[in-house]
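Report on the following structure.
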Amino acid sequence: MSVDIYEAMSTLRAVRRLRQEPLPEDVLGRILQAAAWAPSGGNVQPWRVVVVRDAEKRRRLGDLYRPQWVKYRVGAVEGAARLEGDARAKQQRMLEAADQLGERMGEAPVILVFCFNPSRMAITDIDLGRPTVVGGGSVYPAVQNVMLACRAEGVGCTLTTLLCYEERAVKSLLDIPEDWYTCGFIPIGYPQLGGHGPISRRPVEKLAYADTWGAPF
Ligand SMILES: Cc1cc2nc3c(=O)[nH]c(=O)nc-3n(C[C@H](O)[C@H](O)[C@H](O)COP(=O)(O)O)c2cc1C
């Protein structure tokens, strides 16, 4: 179960085809412990996670996700059509897997619903007149820890966010209090196929600069 951290990060791809088999309690416990280890602003940990295993609630989440995926996929299909060769084939494979998740998210044995409470966060970019992201920095490290732990456990996972469009319905389904909001939905389960594996990302040279924006690192 132990996996080198660099190996884990470089093979943590989205695994959308999941078996329905339940996850053992100890595996789930370690995955949630990884979330709890994540840093947050002021160490406040302004996030909670609802571990949805109840079949009816998962089914409802899946039913809410499906139309959102169908809407989103229109743009994704158009984007794939603009690509060529390998990139296009890769995107099409991703779309097929995402279609399956869109159809069957509710069949994942566990759906982790990450919630946050903005009143407990110091959101230092809130007054800048642009979209704010700092608050997410107190939640998504926990999300990433969950996914790395899934990788270590051989459990498939994908961070999804489309259900934020259905936040009101999700809050009502899971009895989430008024002042807590949703920001991540991670269906997890053992993979149907190969699971985690190689990923494709921009090279560091395209992402990191030396001292000045645009200067090659
Ligand atoms: C913030 C965020 C939101 C995402 N939302 C969705 C989603 O709603 N549905 C989905 O199928 N994948 C979602 N993904 C997964 C990405 O599509 C995936 O990480 C990306 O395409 C890279 O795929 P790979 O890790 O398999 O290489 C999301 C990922 C992130 C980081």
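When a ligand or atom number is given, it counts from 1 through the structure's own listing order. Note that the structure is predicted; figures quoted are calculated from it, not measured.
A side-chain N or O of Thr182 and one of Glu167 form a donor-acceptor pair less than 3.5 Å apart.
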Can you list the steps and then say if Arg17 with Gln100 is a side chain to side chain donor-acceptor pair (under 3.5 Å)?
CA-CA 7 Å; Arg17 295 182 167 101; Gln100 179 169 331; 3.0 Å; yes

Just do the side chain to side chain donor-acceptor pair (under 3.5 Å) check on Trp47 and Asn117 with the steps written out, would you?
CA-CA 6 Å; Trp47 61 269; Asn117 186 328; over 6 Å; no

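In this structure, atom 20 (C) of ligand 1 has its sub-4.0 angstrom surroundings free of protein heavy atoms.
Near Thr158, meaning under 4.0 Å from any of its heavy atoms, are these atoms of ligand 1: 12 (N), 15 (C). Taking every heavy atom of Leu162 and a limit of under 4.0 angstrom, the matching atoms of ligand 1 come to 8 (O). Within ligand 1, counting atoms from 1 as listed, the ones closer than 4.0 Å to a heavy atom of Leu159 are 1 (C), 2 (C), 4 (C), 5 (N), 6 (C), 12 (N), 13 (C), 14 (N), 15 (C), 28 (C), 29 (C), 30 (C), 31 (C). Taking a cut-off of under 4.0 Å to the non-hydrogen atoms of Thr160, the atoms of ligand 1 that pass are 5 (N), 6 (C), 7 (C), 8 (O), 9 (N), 10 (C). Heavy-atom proximity to Ala14, at under 4.0 Å, picks out these atoms of ligand 1: 24 (P), 25 (O), 26 (O).
Between the side chain of Lys171 and the backbone N or O of Tyr181, no donor-acceptor pair lies under 3.5 Å. Distance alone, capped at 3.5 Å, is enough to place a donor-acceptor pair between the Arg48 side chain and the Gln45 backbone. In this structure, the side chain of Ser172 does not engage the main chain of Arg168 through any donor-acceptor pair within 3.5 Å.
Residue-ligand proximity: Gln68 is placed with every non-hydrogen atom at 4.0 Å or more from ligand 1. In this structure, Tyr65 counts as a contact residue of ligand 1, since one of its heavy atoms falls inside 4.0 Å of the ligand.
Under a hydrophobic clustering in which Ile, Leu, Val, Met, Phe, Trp and Tyr are joined whenever their side-chain heavy atoms come within less than 4.5 Å, directly or via other members, Leu159 and Trp69 fall into different clusters. Transitive grouping of hydrophobic side chains (ILVMFWY, heavy atoms separated by less than 4.5 Å) brings Ile111 and Trp180 into a common cluster.
Of all the heavy atoms of Arg16, the ones lying under 4.0 Å from any atom of ligand 1 belong exclusively to the side chain.
Remark: minimum distance from atom 3 (C) of ligand 1 to any protein heavy atom is reached at Thr161 OG1, 3.3 Å. Protein heavy atom at the shortest distance from atom 22 (C) of ligand 1 is Arg201 NH1, 3.8 Å.
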